[in-house]
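See structure below.
Excluded from the calculations below are hydrogen atoms, water molecules and symmetry mates; all remaining heavy atoms, backbone and side chain alike, are included. What you are looking at is a predicted structure, and each value in this text was computed from that prediction instead of being measured. The chains referred to below are lettered A, B, ... by the order of the sequence lines, with proteins before strands, and numbering in each begins at 1.
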Protein chains: 2
Amino acid sequence: MARIYLAGPDVFLPDAVAVGRRKKELCAAYGFEGLYPFDNEVDPHQGGEPVDRLIYRANEQMIRRADIGICNLTPFRGASADPGTVFELGLLIGLGKRVFGYTNVASDLLERAQGFDRLVHDPVQNIWRDSNGMSVENFGNADNLMIDNSLIEHGGHPMVRHGASREALFHDLNGFEQCLRLAAAPR
Amino acid sequence: MARIYLAGPDVFLPDAVAVGRRKKELCAAYGFEGLYPFDNEVDPHQGGEPVDRLIYRANEQMIRRADIGICNLTPFRGASADPGTVFELGLLIGLGKRVFGYTNVASDLLERAQGFDRLVHDPVQNIWRDSNGMSVENFGNADNLMIDNSLIEHGGHPMVRHGASREALFHDLNGFEQCLRLAAAPR
């Protein structure tokens, strides 16, 4: 049975355990085993190492054991996805795993960036710049081009965009289930 | 001569070319060849593929050619690093490259998160939560624990933190040069 690493900021939710359980049940319904990082048991007294180092190692080992990654790339504390999840997406790809990703916000990165900063359009170069003068990507992607395109190159599908309600932003699993369907479909 | 991939939001600067030139000169001074993603030539008419896909492929190929990565993890449009750079950090590690990282902001993630949102402390669990109820890491790290610990595990050194002036936030290369010193030192 293929193993799917369940990457996402879900681990920060007050009901992180329940969300992980639902995701693992959905994985099972599609014939997969879900690996949820929050399930890693870390012994804080193990060899005098700091807890966060032990968590890192446990997550990396879980990723190495996985065959596939499904990443929750919903914008998190800003215009872009949770950086821990984005790191894991890169790691999964470097290790040769197939990857899928979803976001519960349907808008483009540029549109969201406009909500966080006063962007200025340079008509000569046709470039949007933020208040630091730094360019903002305008490729119609959901996030940074490395994220969107990595999913196409190493999973075969663009990021699944599902506009969830504000209240269900981190609990709506429609996009997640769509990733499971894509993972289960014949290539 | 070992090749260093120069990851960072530097590519979004108005003077991205000049910054890349300075970084490559510093690499050469320490006996390395710097690979700067902005130098990738992308032909927008190549095979009808979208430009952002071609940029992705060129960057990934450049990363595969590198021996080492030095990542500019200065907070970018929020409390955390640029997601494109964080993705590349994960990819570098998955591909077995040695990695170093620096930030031009010396503060902890938790401290910065408090500047972007009204965090609430749960004294029973000793956890900080944001306005969505999601926990905020409090390990004394500069960013998400996956980022800080990946550098220790796969480079041998914690993230270099250098408090640059506001004006030089994306141009100060002291932290970058410290990474070069670490990369050049005998292990």
Side-chain angles (χ1 to χ4, degrees), chain A residues 9 11-16 50-57 59-60 63-64 73 76-97 113 116-117 127 129-130 132-137 139-141 143-150 152-154 169-170, chain B residues 9-16 50-57 59-60 63-64 73 76-97 113 116-117 129-130 132-137 139-141 143-150 152-154 169-170:
Chain A
V11 294
F12 300 126
L13 286 165
D15 57 342
V51 171
D52 57 310
R53 186 89 30 87
L54 300 176
I55 297 172
Y56 173 84
R57 286 183 192 154
N59 291 354
E60 184 185 318
I63 287 169
R64 288 180 185 273
L73 296 164
F76 182 73
R77 296 180 188 150
S80 283
D82 164 46
T85 306
V86 172
F87 171 86
E88 294 178 343
L89 173 63
L91 184 56
L92 284 155
I93 290 172
L95 293 170
K97 319 292 185 182
F116 285 99
D117 194 3
I127 288 178
R129 294 195 179 276
D130 68 14
N132 282 320
M134 298 176 88
S135 62
V136 184
E137 292 181 11
F139 296 110
N141 287 324
D143 209 320
N144 183 288
L145 75 86
M146 296 304 289
I147 298 173
D148 283 67
N149 283 287
S150 73
I152 296 171
E153 293 284 291
H154 297 284
L169 196 59
F170 289 102
Chain B
D10 317 51
V11 295
F12 300 126
L13 286 166
D15 57 343
V51 171
D52 58 311
R53 186 90 28 88
L54 300 175
I55 296 173
Y56 173 84
R57 286 182 191 156
N59 290 355
E60 185 185 318
I63 287 168
R64 289 181 185 273
L73 297 163
F76 182 73
R77 295 179 189 150
S80 282
D82 164 47
T85 306
V86 172
F87 171 86
E88 293 178 343
L89 173 63
L91 184 55
L92 283 156
I93 290 172
L95 293 169
K97 319 292 186 181
F116 285 99
D117 195 2
R129 293 197 179 274
D130 67 14
N132 283 320
M134 298 176 88
S135 63
V136 184
E137 292 181 11
F139 295 111
N141 287 325
D143 210 319
N144 183 289
L145 76 84
M146 297 304 289
I147 297 174
D148 282 68
N149 284 287
S150 74
I152 296 171
E153 293 285 289
H154 297 283
L169 196 58
F170 289 102

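Among B:Pro9, B:Gly84, B:Gly90, B:Ala16, the residue making the largest number of heavy-atom pairs under 4.5 Å with chain A is B:Gly90. In terms of heavy-atom pairs under 4.5 Å with chain A, the best-connected choice from B:Gly96, B:Pro14, B:Gly78 is B:Pro14. Ranked by heavy-atom pairs under 4.5 Å with chain A, the list B:Leu89, B:Val86, B:Leu13 is led by B:Val86. Each of B:Leu145, B:Val11, B:Leu169 has some count of heavy-atom pairs under 4.5 Å with chain A, and the biggest count is that of B:Leu145. Between chain B and the residues A:Asp117, A:Asn132, A:Ile147, the most heavy-atom pairs under 4.5 angstrom are made by A:Asn132. For the set B:Asn59, B:Asp148, B:Asp130, the count of heavy-atom pairs under 4.5 angstrom toward chain A peaks at B:Asp130. When B:Ile63, B:Val51, B:Val136, B:Thr85 are compared by the number of non-hydrogen pairs under 4.5 Å with chain A, B:Val136 comes out ahead.
Neither the backbone nor the side chain of B:Phe116 comes within less than 4.5 Å of any heavy atom in chain A. Contact annotation for B:Ser150: both backbone and side-chain heavy atoms come within less than 4.5 Å of a heavy atom of chain A. Residue B:Asp82 touches chain A through its side chain alone, counting heavy-atom pairs closer than 4.5 Å. Of the atoms belonging to A:Ile152, it is side-chain heavy atoms, and not backbone ones, that fall under 4.5 Å from chain B. No part of B:Pro50 comes within reach of chain A, as not one of its non-hydrogen atoms sits under 4.5 angstrom from that chain. Neither the backbone nor the side chain of B:Leu92 comes within contact range of chain A, judged by heavy atoms closer than 4.5 Å. Interface remark: A:Asn141 contributes side-chain atoms only to the contact with chain B (heavy atom separation under 4.5 Å).
Going from atom NE2 of B:His154 over to atom CD1 of B:Ile93 covers 5.0 Å, rounded to the nearest 0.5 Å. The CG atom of A:Leu91 lies 10.5 Å from the CZ atom of B:Phe87; values are rounded to the nearest 0.5 Å. Rounded to the nearest 0.5 Å, atoms CD (B:Glu137) and CG (A:Asp52) are 8.0 Å apart. The distance from the CD atom of B:Glu88 to the CG atom of A:Asn144 is 8.0 Å, given to the nearest 0.5 Å.
A side chain to side chain donor-acceptor pair (under 3.5 Å) with A:Asn149 is found for one member of B:Glu60, B:Arg53, B:Arg57 and no other, namely B:Arg53.
Between the side chain of A:Lys97 and the backbone N or O of A:Arg64, at least one donor-acceptor pair lies under 3.5 Å. Side-chain atoms of B:Asp143 come within 3.5 Å of backbone atoms of B:Ala81 as a donor-acceptor pair (strictly under, hydrogens ignored).
Ring geometry for B:Phe76 versus B:Phe12: interplanar angle under 30°, hence parallel rather than tilted (30 to 60°).
Taking all atoms of both residues into account, the shortest heavy-atom contact from A:Pro83 to B:Ser80 is CG-OG, 3.4 Å.
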